[in-house]
Protein chains: 2
Amino acid sequence: MPYAQLLSDEQLELIRNNSNIVSYNKKDSVFRQSTRTSHIMLLASGLVKIFKEGRNERVVLLRMASPGEYIGMLSVMGDQIHQYSATAVETSEICFIDINAFRNVLMENGKFSLKLMSIISQDGLFIFNRLINQTHKQLPGRIADVLLYFADNIYGKSQFDFPLTRRELAELAGTTKESFIRTLTEFKHDKIIDLDGSHVRIISMDIVKTLSELG
Amino acid sequence: MPYAQLLSDEQLELIRNNSNIVSYNKKDSVFRQSTRTSHIMLLASGLVKIFKEGRNERVVLLRMASPGEYIGMLSVMGDQIHQYSATAVETSEICFIDINAFRNVLMENGKFSLKLMSIISQDGLFIFNRLINQTHKQLPGRIADVLLYFADNIYGKSQFDFPLTRRELAELAGTTKESFIRTLTEFKHDKIIDLDGSHVRIISMDIVKTLSELG
DNA sequence: TTTAAGCGATGATTTATATCATCGATTTTA
DNA sequence: TAAAATCGATGATATAAATCATCGCTTAAA
């Protein structure tokens with residue numbers, strides 16, 4: 001439980017007694033857009049993709065959720081209808097917390113409540129920035145953003161395996177599979193990255209950052 | 001004060017004693033991106049535009065704030081640095097509430113706290129949707145969205161005056177001034193709207209909605 | 001009050017990126 | 001295990017929308 005230090009023993013106990021852990025395999029859906037929210041969900045382990053499904057199969061990948069992060073919180077606190085979908089990208093465990101128990105704790109614990117507000121706000125601001133970048137950067141900048149996203153936010157290192165297919169990566173970058181592949185291949189030819197299947201190594205972090213900044 | 005019924009007399013009094021109203025003229029800046037947040041801001045009257053300034057003069061207009069709405073809340077609750085700027089579009093009055101007084105009320109009033117979380121969440125979801133539409137709809141759909149935004153969300157009627165210049169409207173639609181003007185002119189020629197300077201009347205709400213939905 | 005800047009509008013041109021097509025390899029499903 | 005779907009990859013083509021240019025008109029600044 002994150003920020004457990006803000007909770008009293010009784011509150012922690014209450015939440016524990018009203019939680020249960022559910023396991024998901026790769027590609028399992030966790031919840032679908034437009035369904036009613038039922039629980040607070042906390043990713044305990046694994047990796048989950050959060051995405052919006054539009055008409056004509058358009059998908060916008062909003063973010064990846066890592067362990068310790070709440071998922072679907074904006075929808076739960078907002079209008080109680082999931083505004084996006086979530087699917088496990090790796091074997092994952094999610095802690096489902098009864099919403100009433102959670103609300104009761106929020107009601108009586110101002111500090112925790114404020115902390116959660118801060119999390120919700122930062123969550124919102126983070127996705128704003130991603131979407132604004134998508135709208136106003138052109139391809140190389142957006143692909144650089146995806147590389148930095150995994151390197152900095154998800155894995156914390158410049159060498160990693162993409163946990164997503166090219167199509168999904170394109171959805172994260174706000175482009176098409178073909179354009180994503182092309183641009184990534186250019187990066188490889190320009191020796192900005194090493195690329196072998198899903199394995200990537202950022203050779204020149206400086207160039208990637210510059211590409212991201214220039215847009 | 002919105003949701004005053006959730007506050008006790010003392011809490012209301014505390015907030016009143018720690019608030020002051022500031023007036024703004026058209027085009028006056030309320031706060032600038034990257035500055036520290038200092039107060040909770042509540043729009044009492046007028047109209048304010050909330051926007052993100054990027055490098056090379058790129059501006060993304062996120063939303064318009066109407067009376068009764070908090071402005072800058074995500075930044076205040078998030079990382080205490082304004083993530084976007086706000087400028088009065090009409091003569092406006094803004095109630096500045098001391099952040100500590102406000103937090104104290106939040107700390108001791110769970111219901112108000114939950115309500116605010118809900119507001120913050122919906123605020124975030126609303127802007128998400130706008131930005132996602134911008135990324136994935138093409139021009140006519142985006143222009144239709146702008147028309148619907150003013151007709152439904154801001155003015156609540158199908159006839160109104162644009163409170164913004166064409167350039168600003170374009171920033172709201174995620175396009176350029178020229179493209180915005182062109183598309184709006186097409187709408188006029190196609191008799192979907194009546195247009196005279198900044199005065200608009202949506203002739204066929206159905207078509208506008210269809211354009212918005214088809215993207 | 002003259003100058004300068006920004007406005008709405010429209011035409012011509014360029015360009016970034018989507019779309020379409022294909023293909024062998026891999027994965028999923030029937 | 002056979003058939004079908006999806007994957008990564010690359011080339012050719014189409015197109016939506018940005019950019020550039022110009023032009024009166026209004027608004028703001030010197």
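To find a chain, count down the sequence lines: A is the first, B the second, and so on, and within it residues start at 1.
- Among all heavy-atom pairs drawn from A173(A) and I143(A), the shortest one is CB-CD1, 4.0 Å.
- Across the protein-nucleic acid pair, Q134(A) atom CD and dA18(C) atom P stand 11 Å apart, rounded to whole Å.
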| message | Output one letter per nucleotide in nucleotides 15-30 of chain D: B when a protein non-hydrogen atom lies under 4.0 Å from the base, S when only the sugar-phosphate is that close, - when neither is. | response | -SSSBB-------S--
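- Regarding E171(B), its CD atom lies at a distance of 11 Å from the P atom of dG8(C), rounded to whole Å.
- As rounded to whole Å, 14 Å separates atom C1' of dG11(C) from atom NZ of K177(B).
- Residues passing the side-chain hydrogen bond (donor to acceptor under 3.5 Å, both in side chains) test with T176(A) are S179(A), sequence neighbours excluded.
- In this view, R103(A) satisfies the side-chain hydrogen bond (donor to acceptor under 3.5 Å, both in side chains) rule with no residue, not counting sequence neighbours.
- In this view, T210(B) satisfies the side-chain hydrogen bond (donor to acceptor under 3.5 Å, both in side chains) rule with no residue, not counting sequence neighbours.
- Residue pairs meeting the side-chain hydrogen bond (donor to acceptor under 3.5 Å, both in side chains) criterion with at least one member in residues 148-161 of chain A, sequence neighbours excluded, are Q159(A)-H199(A), D161(A)-H199(A).
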Can you give the donor-acceptor pairs under 3.5 Å from side chains of residues 61-76 of chain A to other protein atoms, not counting sequence neighbours?
| from | atom 1 | to | atom 2 | distance (Å) |
| --- | --- | --- | --- | --- |
| R63(A) | NH1 | E69(A) | OE1 | 2.4 |
| R63(A) | NH2 | Y70(A) | O | 3.0 |
| E69(A) | OE2 | S66(A) | N | 3.4 |
| S75(A) | OG | Q83(A) | N | 3.0 |

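- For dG8(C), neither phosphate oxygen OP1 nor OP2 lies less than 4.0 angstrom from any side-chain nitrogen or oxygen of R167(B).
- Going from atom CZ of R166(A) over to atom P of dT27(C) covers 13 Å, rounded to whole Å.
- Annotation: salt bridge (charged side-chain N to carboxylate O under 4.0 Å, His left out) contacts involving residues 74-97 of chain B, sequence neighbours excluded, are absent.
- Applying the side chain to side chain contact (heavy atoms under 4.5 Å, CB included) rule to S19(A) yields the partners I15(A), C95(A), I97(A); only residues at least two apart in sequence or on another chain are considered.
- In summary, the aromatic rings of F162(A) and F160(A) are positioned with their centroids under 6.0 Å apart.
- What separates CG of L184(A) from P of dT17(C) is a distance of 15 Å, to the nearest Å.
- One axis for each end of the helix from dT1(C)-dA30(D) to dA30(C)-dT1(D), each built from five base pairs, and the angle between them comes to 60° at 10° resolution.
- For the salt bridge (Lys or Arg N to Asp or Glu O under 4.0 Å) test, residues two or more places apart in sequence or in another chain that qualify with D194(A) are R201(A).
- Counting to the nearest Å, the C1' atom of dT27(C) and the CG atom of N25(A) are 17 Å from each other.
- The salt bridge (charged side-chain N to carboxylate O under 4.0 Å, His left out) contacts involving residues 23-52 of chain A comprise R32(A)-E53(A), K49(A)-E168(A), where partners must be two or more places apart or lie in separate chains.
- The CD1 atom of I181(B) sits 13 Å away from the P atom of dG11(C) (whole-angstrom rounding).
- Within residues 189-202 of chain A, no residue has a heavy atom under 4.0 Å from DNA chain C.
- Between E168(A) atom CD and dC7(D) atom P the separation is 8 Å, expressed in whole Å.
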